[in-house]
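Here's the structure, in structure tokens; my notes come after.
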Amino acid sequence: MAEERDPTEASWEDMPLPDEYPEPNLGNGTAEEENTKHQSVKCSPNLLQMLKAAESRRTPPGPGRDGAGVSGTGELVAEALKTDMQIQFTDQKQEFNKHTSNTGRRSLSHSISQSSTDSYGSVGSDSSEDESSPRYKPQRTSKGLSDFCIKNIKQAEFGRREIIIAQQEMPALMVLRKGASGEKPLAGAKVLGCTHITAQTAVLIETLSVLGAQCRWAACNIFSTQNTVAAALAEGGTPVFAWRGESEEDFWWCIDRCVGAETWQPNMILDDGGDLTHWIYKKHPSLFKNIKGIVEESVTGIYRLYQMSKAGRLCVPAINVNDSVTKQKFDNLYCCKESILDGLKRTTDVMLGGKHAVVCGYGEVGKGCCAALKALGTVVYVTEVDPICALQACMDGFRVIKLSEVARQVDMVITCTGNKNVVGREHLDRMKDGCILCNMGHSSTEIDLVSLRTAEMRWERVRPQVDHVIWPDGKRIVLLAEGRLLNLSCSTVPSFVLSVTATTQALALIELYSAPEGRYKQDVYLLPKKMDEYVASLHLPTFDAHLSEVTDDQAKYLGISKHGPFKPNCYRY
């Protein structure tokens with residue numbers, strides 16, 4: 001039975017994305033300026049007139065252009081002006097706020113011949129593992145604790161080895177443990193987390209515990225949990241509710257058990273995608289009375305926080321880690337640059353040299369994917385809606401084109417937009433036989449898979465996380481991870497890069513938890529640039545890097561402190 005809600009109550013999806021964004025702070029970077037409430041700006045009337053004038057000078061598309069190029073951009077500008085630059089999330093079958101209550105229903109991963117709990121190497125579980133849900137199998141740690149739900153507690157020793165390997169590549173968190181463990185900056189903090197549960201996340205969780213926090217954790221993705229790591233965390237005393245290959249119903253059950261509203265009162269949230277925040281908002285809103293803040297690291301979750309803030313529904317302060325320099329320029333770019341190849345190779349054994357690929361979106365994730373594919377000799381096309389990103393792609397040597405124009409000829413389609421239905425049924429029908437389709441964005445909404453789950457289409461599981469979707473005429477496409485995040489579902493990710501993001505998350509939690517009353521209002525904030533610089537500096541010794549120093553005269557000339565921050569907030573890096 002579907003979840004009922006008051007029709008007069010706006011859900012997160014009903015709230016449009018903001019047409020007002022925080023204005024960059026152009027001051028001297030003091031803590032007081034950084035922590036004040038962001039001001040918002042709109043397009044000025046003069047700028048709107050300029051855009052309209054530019055639109056009137058657009059030339060119609062030439063023969064065979066299909067409205068692409070400059071004319072297509074003009075149409076986008078006109079539409080943006082008409083809608084006041086707003087983006088609306090509409091409902092779809094797998095909505096963000098819907099909770100599957102039919103316990104008999106399983107996800108697609110359980111309706112196909114082979115269990116999605118299978119994986120390669122250390123990423124997931126052994127293929128011989130029991131496929132039944134661990135919800136119905138009570139387990140205990142060696143110390144008798146039972147407040148967890150994972151696949152197999154007996155795998156804890158193997159998971160501990162995975163965590164130790166990750167620690168070696170996560171130096172900043174180790175420094176943070178050593179430097180701050182004595183004063184316990186998170187003493188008294190009760191952190192609810194919902195992220196990918198991997199060896200790297202485990203290092204973060206255990207760092208938070210060393211700093212004084214109590215933690216409870218669930219997974220933000222049904223395919224990304226490393227079962228051995230979840231077992232090691234549970235054995236170490238962290239209540240974990242996650243396993244690889246959860247059904248949709250299991251996913252929400254795990255989040256609810258993690259919240260533990262009847263027995264536990266959290267005061268901090270660390271979220272990746274907004275699912276945990278949303279669940280508390282819908283099911284346990286009274287918990288927000290004790291919560292001091294939210295730390296969110298994904299573009300999907302940030303969109304939703306901005307929606308709540310604009311609608312006046314954000315109950316607590318939130319820190320936007322996703323748009324921190326240390327997240328955008330390292331995790332999004334360098335992590336995806338390496339892991340996209342790993343995911344493709346592990347699942348398909350594809351030879352990338354000479355293949356044709358289209359990457360949808362040229363943000364930081366798209367830039368990393370394009371660079372990696374190009375380096376191996378792949379012919380890369382890019383689709384974009386943002387003229388700035390499109391121009392960057394052009395100047396990096398990529399052809400910017402509409403997906404409909406290249407769908408018939410490319411060997412791979414990779415989505416990196418954070419949007420929904422970027423690859424629609426019309427594109428899927430045009431793809432050639434054997435085309436590989438995957439998603440590098442956080443959410444599974446980028447590909448319209450609902451249109452493929454029909455009676456005439458046949459799904460065939462050929463490998464863990466690899467499906468053939470077969471058309472009535474025999475054409476097939478190769479779908480990876482059921483449209484979910486490729487790198488964390490089908491491979492592993494570099495620990496060192498995730499150390500940068502994890503350290504930023506830890507510092508954001510400390511900042512919100514220890515901030516004086518009134519410093520942060522019920523709004524979304526960015527971390528001060530000085531904190532980004534600090535995180536970066538913690539990782540430089542790994543490379544034996546030696547920073548130059550600014551003299552007093554140079555600092556005065558530039559109008560900065562000789563100890564940083566060294567760039568204004570508007571600097572793009």
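Scope of the values below: all heavy atoms of this structure, side chains included, with no hydrogens, waters or symmetry mates. Nothing fancy with the numbering, it's 1 onward along the sequence. Quantities reported herein were computed from a predicted structural model and do not represent experimental measurements.
A 4.5 Å side-chain heavy-atom check between T445 and V422 finds every atom pair outside the cut-off. At a threshold of 4.5 Å between non-hydrogen side-chain atoms, the residues C435 and V413 count as touching. Taking 4.5 Å as the limit, some side-chain heavy atom of V240 sits within range of a side-chain heavy atom of I197. L192 places a side-chain heavy atom less than 4.5 Å from the side chain of W264.
For K345, the NZ atom sits in a packed shell: over 12 heavy atoms of surrounding residues, nucleotides or ligands are nearer than 6.0 Å. Atom NZ of K292 has more than 12 heavy atoms from other residues, nucleotides or ligands within 6.0 Å. Within a 6.0 Å sphere centred on CZ of F288, heavy atoms belonging to other residues, nucleotides or ligands number more than 12.
In this structure, W252 and H278 have perpendicular ring planes: the angle between them is above 60°, well past the 30° mark.
With sequence neighbours excluded, the residues forming a side chain to side chain contact (heavy atoms under 4.5 Å, CB included) with A502 are M170, L173, L204, Q505, listed by chain and number. Not counting sequence neighbours, the partners of S499 by the side-chain hydrogen bond (donor to acceptor under 3.5 Å, both in side chains) test are H539. With sequence neighbours excluded, the residues satisfying side chain to side chain contact (heavy atoms under 4.5 Å, CB included) with N322 are V299, I302, N320, K327, Q328, N332. Shown here are the side-chain hydrogen bond (donor to acceptor under 3.5 Å, both in side chains) partners of H427, two or more places apart in sequence or in another chain: there are none. R161 is linked by a side-chain hydrogen bond (donor to acceptor under 3.5 Å, both in side chains) to E157, counting only residues two or more places apart in sequence or in another chain. With sequence neighbours excluded, the residues that form a side chain to side chain contact (heavy atoms under 4.5 Å, CB included) with D342 are R346, S491, T492. Listed by chain and number, the residues in a side-chain hydrogen bond (donor to acceptor under 3.5 Å, both in side chains) with S495 are Q200 (sequence neighbours excluded). For E235, there are no salt bridge (Lys or Arg N to Asp or Glu O under 4.0 Å) partners at least two apart in sequence or on another chain. A search for salt bridge (Lys or Arg N to Asp or Glu O under 4.0 Å) contacts involving K190 returns nothing, not counting sequence neighbours.
Identified under the salt bridge (charged side-chain N to carboxylate O under 4.0 Å, His left out) test for residues 197-214, with sequence neighbours left out: R160-E206. Pairs engaging residues 210-219 under the salt bridge (charged side-chain N to carboxylate O under 4.0 Å, His left out) rule: D147-R216 [sequence neighbours left out]. Within the structure, no pair that satisfies the side chain to side chain donor-acceptor pair (under 3.5 Å) test touches residues 164-175, not counting sequence neighbours.
A distance of 6.0 Å or more separates the ring centres of F148 and F241.
For E246 and K151, the salt-bridge test fails: no basic side-chain N is under 4.0 Å from an acidic carboxylate O.
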